[in-house]
Number of protein chains: 4
Amino acid sequence: MDASLFRIQPSLPEPIYRQIADQVRRLVAGGQLQAGDALPSVREIAAAHAINPMTVSKAYSQLEAEGVLERLRGKGMVVAATARRPQPLAERLAQLDPLLHEVAQRAHDLELPGDEVLPRLRQLMEK
Amino acid sequence: MDASLFRIQPSLPEPIYRQIADQVRRLVAGGQLQAGDALPSVREIAAAHAINPMTVSKAYSQLEAEGVLERLRGKGMVVAATARRPQPLAERLAQLDPLLHEVAQRAHDLELPGDEVLPRLRQLMEK
Amino acid sequence: MDASLFRIQPSLPEPIYRQIADQVRRLVAGGQLQAGDALPSVREIAAAHAINPMTVSKAYSQLEAEGVLERLRGKGMVVAATARRPQPLAERLAQLDPLLHEVAQRAHDLELPGDEVLPRLRQLMEK
Amino acid sequence: MDASLFRIQPSLPEPIYRQIADQVRRLVAGGQLQAGDALPSVREIAAAHAINPMTVSKAYSQLEAEGVLERLRGKGMVVAATARRPQPLAERLAQLDPLLHEVAQRAHDLELPGDEVLPRLRQLMEK
DNA sequence: GTGGTCTAGACCACG
DNA sequence: GTGGTCTAGACCACA
């Protein structure tokens with residue numbers, strides 16, 4: 001996996017370390033990262049995005065504590081053998097639920113009907 | 001407008017004062033709050049949700065600085081006469097866009113197809 | 001920039017946080033603070049003037065919302081890259097206009113002629 | 001004196017009652033209002049400027065407490081016989097001093113030289 | 001180290 | 001009654 005594939009935007013309010021950790025979690029849950037797959041080194045990511053290595057390290061440490069990643073001496077971080085296999089669809093959908101609730105709520109406040117919002121989302125998902 | 005109509009969840013990472021301010025902004029954009037409409041007093045909201053009056057005041061001050069609300073001295077806050085009228089649909093939809101992008105991105109990471117996500121969102125929006 | 005350079009007078013009716021914010025705005029407009037320049041930390045200013053850190057923070061937050069300052073996470077506040085460059089003379093003079101109007105109005109009420117007021121002001125400005 | 005001659009701007013941060021009281025004080029100090037001169041009634045001022053009568057009353061009460069005005073039964077408020085005669089020039093100039101200090105300070109922050117500020121003020125005072 | 005958020009409580013200013 | 005300001009102090013999040 002290439003370090004530059006991470007989408008990182010320091011300008012967002014979302015803390016950088018969580019932008020990284022969340023992406024790794026989802027890629028593992030979705031099966032795009034499989035047990036044993038290697039991750040870019042802390043240095044690579046930090047250099048590719050001009051961020052503080054400590055910030056990357058914090059994300060990795062958190063994922064290691066969760067059992068998502070393993071630290072292989074001399075090899076860096078890899079997806080843990082014990083990491084949950086790609087999760088069933090229902091479970092992955094459930095992970096998206098809080099965000100979908102937020103969308104529904106804001107659409108309601110903005111008086112936006114589903115007929116406007118759903119096509120727009122479909123369009124974005126097809127890209 | 002009833003103070004208890006605000007949805008406030010202190011558990012969220014989103015600060016309370018911004019939860020309030022964002023809701024007011026959207027209600028004004030959607031036209032559910034019109035120019036001249038009075039808002040619940042700081043104390044009412046604070047009491048209804050068991051939060052500190054200053055937290056509510058912070059939201060109101062911010063909205064006043066933005067020109068969304070006006071302070072009627074001794075009377076309270078009302079939607080500003082100069083506040084943008086209910087915005088056209090395209091503009092309201094644009095306000096939802098960043099969140100929809102986030103949904104699309106996460107769905108992609110989780111390998112969730114539109115055929116799973118869209119019906120779920122439709123369901124949430126019909127409630 | 002030294003924290004003690006701010007002029008703060010808690011005795012004035014003008015709230016402290018606005019005394020701070022106004023001074024920063026003017027120093028940026030006048031070019032004495034340039035894009036990228038670091039500002040004293042909240043704690044420094046608070047300690048130097050024996051005021052509450054939150055009061056300083058309020059000024060900084062407001063300036064950040066206006067786009068005058070930027071928050072470098074973990075590092076502090078700096079003058080925003082997007083902040084308006086030192087403004088042309090005419091514009092800076094325009095900022096002083098409301099206050100000059102006030103002077104003219106009060107001088108008129110007090111029946112003070114320009115020949116008395118102007119020399120006094122010249123004297124104060126030469127200090 | 002005509003009620004509409006008062007300059008009142010509810011939009012200013014300066015409280016309305018003080019806008020009124022300060023103007024009266026200055027007009028007395030400058031000699032434009034002399035002992036015995038009648039002031040517009042509370043109702044007149046309130047109606048002319050669409051403000052709360054209580055606000056006008058508060059200004060008058062304060063001026064009465066200071067000895068600037070007197071309440072003549074059936075006649076309304078008049079400038080007190082004991083009110084200080086028009087004050088000597090030096091004293092009136094001293095009253096303007098704090099404001100002139102503020103001008104000097106802001107001009108300094110804005111890097112505005114006296115050669116720019118003074119002509120502008122002269123212009124405003126000649127109107 | 002940096003700033004952000006929230007609370008509890010006091011006091012003020014305004015109408 | 002309304003909102004505004006400030007304090008003291010705690011705790012959090014980030015780099």
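Every value quoted in this text rests on a predicted model; they were computed, and no experiment measured them.
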Side chain to side chain contact (heavy atoms under 4.5 Å, CB included) between C:Leu27 and C:Val24, intermediate numbers included: CA-CA 5 Å; C:Leu27 291 170; C:Val24 173; 5.6 Å; no

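Taking only side-chain nitrogens and oxygens, B:Tyr17 comes nearer than 4.0 Å to OP1 or OP2 of E:dT5. Residue C:Ser61 places at least one side-chain N or O closer than 4.0 Å to OP1 or OP2 of E:dG4. The phosphate of E:dC14 (OP1 or OP2) has a side-chain N or O of D:Arg18 nearer than 4.0 angstrom. Regarding contacts with the backbone of E:dG4, a side-chain N or O of C:Arg71 is found under 4.0 angstrom from either OP1 or OP2.
Comparing C:Leu72 and B:Ile51 against DNA chain E, the residue whose closest nucleotide sits nearer the 5' end is C:Leu72. Annotation: of the two residues near DNA chain F, B:Glu44 and C:Glu14, the 5′-most nearest-nucleotide partner is B:Glu44.
Of all the residues in residues 52-60 of chain D, D:Asn52, D:Thr55 reach under 4.0 Å from DNA chain E with at least one non-hydrogen atom.
With hydrogens and angles ignored, no donor-acceptor pair closer than 3.5 Å exists between the side chain of C:Arg43 and the base of E:dG1.
Screening B:Gln32, B:Arg7, B:Gln23 for a side-chain hydrogen bond (donor to acceptor under 3.5 Å, both in side chains) with A:Asp109, the sole residue that qualifies is B:Arg7.
Note on D:Ile16: only backbone sugar-phosphate atoms sit closer than 4.0 angstrom, heavy atoms only; bases stay farther off.
Using a 4.5 Å heavy-atom cutoff, the side chains of B:Gln62 and B:Glu66 are in contact.
Protein atom NZ of B:Lys75 is 17 Å distant from nucleotide atom P of E:dC14, rounded to whole Å.
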